[in-house]
Protein chains: 2
Amino acid sequence: MQKTVQKRTLKTRARLIEAADDVIERHGYQALRVEDVVQAAGVAKGTFFAHFRDKDALMEYLIGERLVARFDQVEQGPIPRTAPEIANALQPIHSFMTSERYVFDLIIRYSGAAAITEIGPIARCFERYVRLVAGWLETAKVRKDISPDLLAEGVQAFAIQSMSLKFCALHEAESFSDRLEIYLDAWLTPAA
Amino acid sequence: MQKTVQKRTLKTRARLIEAADDVIERHGYQALRVEDVVQAAGVAKGTFFAHFRDKDALMEYLIGERLVARFDQVEQGPIPRTAPEIANALQPIHSFMTSERYVFDLIIRYSGAAAITEIGPIARCFERYVRLVAGWLETAKVRKDISPDLLAEGVQAFAIQSMSLKFCALHEAESFSDRLEIYLDAWLTPAA
DNA sequence: TTTTATTATTGACCGCGGTCATTTTTCAAC
DNA sequence: GTTGAAAAATGACCGCGGTCAATAATAAAA
């Protein structure tokens, strides 16, 4: 029943993550290959999979880590009170999410927790997104006929829509932030 | 410059598609392996890739085909006039999109046209979605302060959000259609 | 019918993610 | 120290998507 973790385990894991970070910094997430990571870390391939279920699990960890950092950053900032301010306040988060097509796809894929059993860091960030925005909306100058939670879920839906369109071959006319602002304005402060 | 297409080309392509359909019917999209398809079609592996850029291209074709059929079906029906009616009218489309996690992921991934150069059937369906809904909204009992096009884009955003949540480990309480109805009501007929 | 250029097919081969029986290392008990 | 059992690391191996130089089939020209 007991499962003592040896000291070298943490060291190996740290080396794998460091190696992966290095590869990504130089070539981006898309280009990461497990074989490169294990070679850079100086371990065998099998070792990698003793530490991460699969390649995606490593990616979820790495991307989740940076995503959390962006949330921390956004939570430090002032509380926005209008639709444009909200769009602007969320910008660091959206900017990272759309920094690479691969990143966006993975985030979307993991946004709803891959498996019932375990909820990963990315899915947790999506919960945090709604909580964060709902908190803002309680005191913001927005419609009050529906709950802040529902409003916040809508903000998330529009943000994802805007981000999707950013990678779209069609619809390249408007910029991402312009589009999001239009959506949020219509959603948060309807005129009729 | 001319590029005459031989007769057997069409035959081979048809055999590949038939074989793929067969595999999918028995085991679902997720389980499709190119090796199985070529074996069932009685051709070499290389032949497959002379007909489809990659596995995803076949999937996009097959899924796009069925998606188009659902759109045709929905366009035959009566024109909905309220938020719940709109949610209900779109149900055949949403139902297919969420029939399998693999299908949903692929549709989302191809919704924004994979490459600038070619816009595939799935991306075209997303355009059609907006056109279809915008057409309905022109005569529907909904807010008139923003354009039907913008409203329709919002409907799409909320539909995707609802579908995502369907595959989500968290948020399993509400059903897909209940959630979509709540969103659309708040989006299309705001009270304040 | 033979020739010839073009188009389609083939299958050995590669890359890379992932597995697992085997070996090596760790660390506590003596 | 020595020993022994659990934990960690290893690397040969597999599955499957995808490539490409070589080959075969086609259809039009001679």
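We name chains A, B, ... by the order of the sequence lines, and we start the count at 1 in each one. Values reported hereafter were calculated over all heavy atoms of this structure, with side chains retained and with hydrogens, waters and symmetry mates removed. All values reported here derive from a predicted model rather than from experimental measurement.
The environment of CD in B/E18 is sparse: at most 12 heavy-atom neighbours from other residues, nucleotides or ligands sit within 6.0 Å.
Two residues are said to be in side-chain contact when any heavy atoms from C-beta on lie closer than 4.5 Å; A/N88 and A/P80 fail this criterion.
By the salt bridge (Lys or Arg N to Asp or Glu O under 4.0 Å) test, A/E35 is found to be paired with A/K45, residues two or more places apart in sequence or in another chain being considered. Taking B/D36 as the reference, B/R33 meet the salt bridge (Lys or Arg N to Asp or Glu O under 4.0 Å) condition, with sequence neighbours excluded.
Comparing D/dA25, D/dC16, C/dT25 by their closest approach to the side chain of B/Q6 singles out D/dA25.
A/D56 has its CG atom 11 Å from the P atom of C/dG17, to the nearest Å. Protein atom CG of B/L58 is 11 Å distant from nucleotide atom P of D/dG18, rounded to whole Å.
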Please output the side-chain donor-acceptor pairs of residues 51-61 of chain A that fall under 3.5 Å, not counting sequence neighbours, one pair per line with the distance.
{"unit_1": "A/D54", "atom_1": "OD1", "unit_2": "A/D56", "atom_2": "N", "d": "3.3"}
{"unit_1": "A/D54", "atom_1": "OD1", "unit_2": "A/A57", "atom_2": "N", "d": "2.9"}
{"unit_1": "A/K55", "atom_1": "NZ", "unit_2": "A/L32", "atom_2": "O", "d": "2.9"}
{"unit_1": "A/D56", "atom_1": "OD2", "unit_2": "A/R109", "atom_2": "NH1", "d": "2.9"}
{"unit_1": "A/Y61", "atom_1": "OH", "unit_2": "A/E65", "atom_2": "OE2", "d": "3.3"}

Which side-chain N or O atoms in residues 89-96 of chain A pair as donor and acceptor under 3.5 Å with protein atoms at least two apart or in another chain?
{"unit_1": "A/H94", "atom_1": "NE2", "unit_2": "A/Y129", "atom_2": "OH", "d": "2.7"}

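Listed by residue number, the members of residues 38-54 of chain A with any heavy atom below 4.0 angstrom from DNA chain C are A/K45, A/G46, A/F49, A/D54. Less than 4.0 Å separates DNA chain D from at least one heavy atom of each of the following residues of residues 7-34 of chain A: A/R8, A/T9, A/T12.
Look at A/D21 and A/R26 and you find no salt bridge, because none of the NZ, NE, NH1 or NH2 atoms lies under 4.0 Å from a carboxylate O.
The nearest heavy atom of DNA chain D to B/V5 and to B/K55 marks one nucleotide each, and the one closer to the 5' end goes with B/K55.
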* To do: Show the numbers, then the answer: is there a side chain to side chain contact (heavy atoms under 4.5 Å, CB included) between B/R143 and B/L188?
  => CA-CA 6 Å; B/R143 61 195 283 198; B/L188 299 175; 5.6 Å; no
